[in-house]
Structure formats: C-alpha cells, structure tokens
Amino acid sequence: MMSVAARSRALAPYLQAASWTVSGALRPLIPARPALGPAPPPALAAPVSERAPPGQERLRARSARRGPAVSARLNAPAGVRFAHTDIKVPDFSDYRRHEVVDPKKSSQESSDSRKAFSYLITGSTAVVGVYAAKTIVSQFVSSMSASADVLALSKIEVKLSDIPEGKNMTFKWRGKPLFVRHRTEKEIATEAAVELSELRDPQHDKDRVLNPSWVIVIGVCTHLGCVPIANAGDYGGYYCPCHGSHYDASGRIRKGPAPLNLEVPYYEFPDDETVIVG
C-alpha cells in the first residue's frame with residue numbers, strides 16, 4: 001500500500017481514495033485540527049456539506065474500537081468502513097458432507113463412515129494406478145519385441161516328401177543356409193556305429209536327430225563361417241573347400257581345422273511329411 005500526501009489541484013477530478021480499516025488506534029498522517037462537536041455517525045460517505053474545499057485534503061482518524069477507523073479524502077468521496085464488518089463469509093455447506101454440516105454437532109459419530117469412504121477412494125485410486133502402470137509397462141515392453149513379419153521369418157516349414165532319399169536340400173532360414181538331409185539306411189547304420197573316442201567334438205548320432213532318417217543342421221562351417229558342400233568329403237557328409245573341413249552324414253567334424261560339429265537348430269515334426277524349424 002502506498003500513501004501520498006500532496007496537493008491535487010488540477011488532478012482532483014481524477015483522484016479517488018479508498019478507506020481501509022485496521023484493528024487498533026490510528027494516528028493521522030498529517031497533523032490537522034480536530035473537528036469540533038461530536039463525531040458524525042458511521043456512513044459510507046461523508047455529506048457534501050462536510051467535504052473540503054477544492055485543493056485541500058483532510059484526514060480524520062479515530063480508534064477502530066469506538067467507530068470508523070480512518071476516513072481519507074483527496075477532493076473525492078471516500079468510504080468509511082468498520083473493521084471486518086462488511087466481509088461476508090462464504091457458505092461452504094454445499095461442499096460439506098451431511099454429517100458435518102452443523103458446526104455445533106460432534107463429528108465423532110460419523111467418523112467411521114467417513115473413514116470407510118476415504119479408504120474406498122484411496123484403494124480404488126491405487127488399483128487404477130497399478131493397472132495403468134502395468135498397461136504402460138506392458139505396452140512399452142511389447143513395443144521392443146519383434147514385429148509380426150520378423151516372427152514369421154523365425155520359422156520355416158519344409159515339406160519332406162520333396163526330398164528324395166540320399167539327397168540334401170538347402171533352405172534359407174534366418175539369413176543362414178539350412179541343410180535338410182534324407183539319409184539312407186546305410187548312412188544311418190554307419191553313423192550310429194561311430195565310436196565317440198574318434199570324434200573331436202564327441203556326440204552320438206541319436207543325440208543329433210529326432211528321426212534317424214532326417215538330419216537337419218545349419219550349413220555354416222564352425223571354422224570361419226564358410227558354407228560347406230553337401231554329399232562331399234572323405235566321409236560322404238559335408239565338405240568345406242575353404243580350409244578342408246570334413247563332416248560326416250550326421251554333421252560331425254571328422255577332419256580339418258573346424259573345432260565343432262555343425263549346429264543343430266530346434267525343429268519338430270508335426271506329421272510324417274512336414275518339419276518345422278525354429
């Protein structure tokens with residue numbers, strides 16, 4: 001709040017002063033001769049006959065306990081108010097619960113029902129929040145999962161009736177060559193009779209196949225990643241011409257620099273004529 005003590009003169013028609021009340025005795029800002037006679041009754045504005053002449057200012061003060069707190073004028077009508085007598089307290093009854101509308105009535109009797117309602121709202125909010133968080137996390141995780149087209153490439157279905165006995169067919173699976181070999185009875189017996197002590201990477205033939213007639217391996221040499229040639233080599237299985245690695249008809253390393261057998265992917269036979277790899 002800013003107080004100004006000055007002569008208005010030419011600015012008088014444009015100046016207005018508001019009255020403010022404080023609790024406690026007040027003293028005038030500018031010394032003035034007190035008014036003679038009894039103090040005028042409280043009013044919103046002083047009569048016209050009591051207004052000061054143009055260009056003059058008057059400040060009248062009294063104790064807030066006995067009458068108007070202060071009346072200030074700057075050549076314009078000003079209000080005279082009592083401390084806090086013109087303030088209307090808002091009615092919040094519409095926003096209160098029915099049990100606590102009456103301020104004179106104890107609210108202890110309805111505390112249980114009000115607590116139950118608060119607990120219900122809190123629990124419901126917690127459940128909704130947890131469900132929303134779970135949904136957001138699930139959507140975020142699923143967005144990082146493989147798309148449908150990528151998942152479609154993760155599996156390949158091979159029709160076994162198209163592969164004659166004793167032959168090998170190559171398919172592309174996940175960007176790698178996939179060897180599917182239809183073995184003869186002689187090849188099955190030969191590979192089953194191999195001693196594990198003779199193998200660099202010991203593994204029995206029955207541990208590498210689900211059906212003895214079919215050998216399914218990934219056509220990538222375990223040495224430097226070359227693609228072996230089917231039905232070639234010293235053991236009649238696969239041969240890598242890059243560095244001379246020889247594999248048998250079960251895909252096991254028998255000769256050359258390759259350290260491991262050819263990898264066997266996951267596959268299953270839904271029927272006798274079909275195999276699904278992946």
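Computed from a predicted model, the values in this text were never measured in an experiment.
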Counting only heavy atoms not in [X] (residues, nucleotides, ligands), do more than 12 fall under 6.0 Å from its [atom1]?
{"X": "Phe117", "atom1": "CZ", "value": "no"}
{"X": "Asp207", "atom1": "CG", "value": "yes"}
{"X": "Glu268", "atom1": "CD", "value": "yes"}

Hey, mind stepping through Phe179 and Tyr238 against ring pair (Phe, Tyr, Trp, His ring centres under 6.0 Å) and telling me if it holds? CA-CA 10 Å; Phe179 293 161; Tyr238 304 94; 5.1 Å; yes
Under 3.5 Å: donor-acceptor pair, side chain of Arg200, backbone of Lys255: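 Here the side-chain-to-backbone pair does not exist.
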Would you find a donor on one side and an acceptor on the other, under 3.5 Å apart, between the side chain of Thr222 and the backbone of Asn261? no
With a 4.5 Å cut-off on side-chain heavy atoms, are [Y] and [X] touching?
{"X": "Ile229", "Y": "Cys240", "answer": "no"}
{"X": "Pro164", "Y": "His182", "answer": "no"}
{"X": "Val277", "Y": "Tyr266", "answer": "no"}

Could you list the residues that satisfy side-chain contact (heavy atoms from CB on, under 4.5 Å) with Leu199, not counting sequence neighbours?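 Once residues adjacent in sequence are excluded, the partners of Leu199 under the side-chain contact (heavy atoms from CB on, under 4.5 Å) criterion are Val194, Leu196, Arg252, Arg254.
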Under 4.5 Å between side-chain heavy atoms, counting indirect links through other Ile/Leu/Val/Met/Phe/Trp/Tyr residues: same cluster for Trp214 and Trp173 or not?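 Both belong to a single hydrophobic cluster.
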Take the angle between the ring planes of Tyr239 and His246 and call it parallel below 30°, perpendicular above 60°, tilted in between. tilted
Hey, are Glu165 and Arg183 close enough for a salt bridge, meaning a charged N less than 4.0 Å from a carboxylate O? no
